[in-house]
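First up is the structure itself, then whatever we jot down about it.
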Amino acid sequence: MSGGVSGGRQPHRSTTYELLEPEKVAAYIDARPELADRVDTSSLDVTEVGDGNLNLVFVCQDGGGRGIVLKQALPYVRLVGPSWPFTPERAVAEARAYAVHGRFAAEYLPAFYGFDAERYILAMEDLTDHRVWRGALTDGERHDSAAGDVGRYVARVAFHTSLFGVEAKELKWLTAAAINPDLCEITEDLVLTEPFSGADRNWFQDELADAAASLQTPELKAAAGELKYAFMTRAEALLHGDLHTGSVMVKDGSTRAFDSEFAFYGPIAFDLALPWSNFIVTMARDAVLGREEHGAWAATLFEQLWDAFEAEFRALWPGVVDPRVFNEPFLERWLAQTQRDAAAFAATEAARRIVGLAHVPDLETLDVEPRAVAGRAVIETVKRLLLDRPETAGEVSAIAREEVARG
Ligand code: ADP
Ligand code: MG
């Protein structure tokens, strides 16, 4: 783990490490004692499956049906190439999250087999028998335990990595060690600023130009500012940091959060908000496709996730480290604020999926006309979440239902 504090900056490490290639994976595994026994490298089949912009992902399966996955951070943005450097230290953040979260919520993560800090390679459980939740929701699948599982995962991590579960001075060191400035900057800009300020790299359908412009009012900018301020100052717990539905894999009876390279100490509401924002997107897609039953089911996910989070958090509360002032009335206020903030953070994440740099296939795969209808419904939902400030998961769902029904 990198932990050196030198002039307030992380030491710059080499970006000239060797990148993995499929033909070299078996030898790499053989050379690492923590990996060598997990697969039979003499019968290994290796496929590079990375669909992201930043990392190499190798699925490695042997003739006996055993597998592991290796994920290596590239020192540049894959889409652009070496001319756009990007810190591979994010793999350190991902390794830290797997290690720490795994102590409290192992059943909701891929098993973590180790981290090669010289070459920024994570080794983990092969989850190819799962599918990415975003794709499942886009296809109209139902995975009934997924939202509750995500809520329980966030609750466990939130409690055990925060002031509620960690002694105060130890917490300060953990918070400092987990800073992740380059990845946080992406969220600060793409999610919490640019949908509301405008930016050259924003893009959206021509049909949605007026909707995009309608986000740039002083009131909405101030709301974004308030959330950005909370994101940048409220170091509550070691978040996943990027818990959208593309960072969750599902299979019946199993839910796993992965790709935690944005992990840092931030506001717990943010981890609840990202799945919520995607439920809004799913409802908008379902509405324009006439998938009423799936849309009605998706509308229940906000409360399923929140209720599971709240129940798990309350169950852990008797173990609170400092009960002198963190008492029951405090807990009630904290839960209420967290639920309110989740609604507002969800709005910012939903906005950027319509007008920001990074859109989602849930909507981009629709035909032009329904895509514009769905995008407009999301933007109208965003504005009401930021201006009306609903207090509960149920109210968020009700607002989204009303707005997608208008289309
Ligand atoms: P990136 O951060 O570059 O997007 P991800 O961690 O999201 O990388 O992985 C990219 C893709 O690789 C995922 O969407 C998934 O399809 C696949 N993948 C990642 N980890 C695993 C795993 N443990 N098991 C199976 N497939 C995986
Ligand atoms: Mg990623």
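First listed ligand is number 1; within each ligand, the first listed atom is number 1.
- At a threshold of 2.8 Å, the Mg ion (ligand 2) has no backbone or side-chain N, O or S atom of Asp242 nearer than that distance.
- Residues His130 and Ser254 bring a donor and an acceptor atom of their side chains to less than 3.5 Å of each other.
- In the vicinity of Glu125, heavy-atom distances shorter than 4.0 Å reach the ligand 1 atoms 22 (C), 23 (N), 24 (N).
- Nearest-heavy-atom check against atom 19 (C) of ligand 1 across Val57, Ile68, Val132 picks out Val57.
- Ring geometry for Phe231 versus Phe270: interplanar angle over 60°, hence perpendicular rather than tilted (30 to 60°).
- Annotation: Trp133 is in aromatic contact with Phe279 [ring centroid separation under 6.0 Å].
- Aromatic rings of His101 and Tyr153 (six-membered ring for Trp) have centroids within the 6.0 Å cut-off, being under it.
- With Leu127, Val49, Leu74 as candidates, the residue nearest to atom 25 (C) of ligand 1 on a non-hydrogen basis is Leu127.
- With ring centers used as reference points, Phe345 lies 6.0 Å or more from Trp276.
- A donor-acceptor contact under 3.5 angstrom links the side chains of Asp40 and Ser43, judged on distance only.
- For the residue pair Gln61 and Asp126, a side-chain donor N or O sits within less than 3.5 Å of a side-chain acceptor on the partner.
- The Mg ion (ligand 2) is closest to atom OD2 of Asp259 (considering only N, O or S atoms).
- Residue contacts with ligand 1 for Val69 involve side-chain atoms from C-beta outward but no N, CA, C or O (heavy atoms, distance under 4.0 Å).
- Listed by number with element, the atoms of ligand 1 under 4.0 Å from a non-hydrogen atom of Met124 are 23 (N).
- Here is the list of ligand 1 atoms found below 4.0 Å of a heavy atom in Met249: 18 (N), 20 (N), 21 (C), 22 (C), 24 (N), 25 (C), 26 (N), 27 (C).
- Counting the atoms of ligand 1 from 1 in the order shown, those under 4.0 Å from a heavy atom of Lys71 are 2 (O), 5 (P), 6 (O), 8 (O).
- Using cut-offs of 30° and 60° for the angle between ring planes, the Trp317 and Phe330 rings count as parallel.
- Of all atoms in ligand 1, numbered sequentially from 1 with element shown, those under 4.0 Å from a heavy atom of Glu261 are 2 (O).
- Take the N/O/S atoms of Glu261: the one nearest the Mg ion (ligand 2) is OE2.
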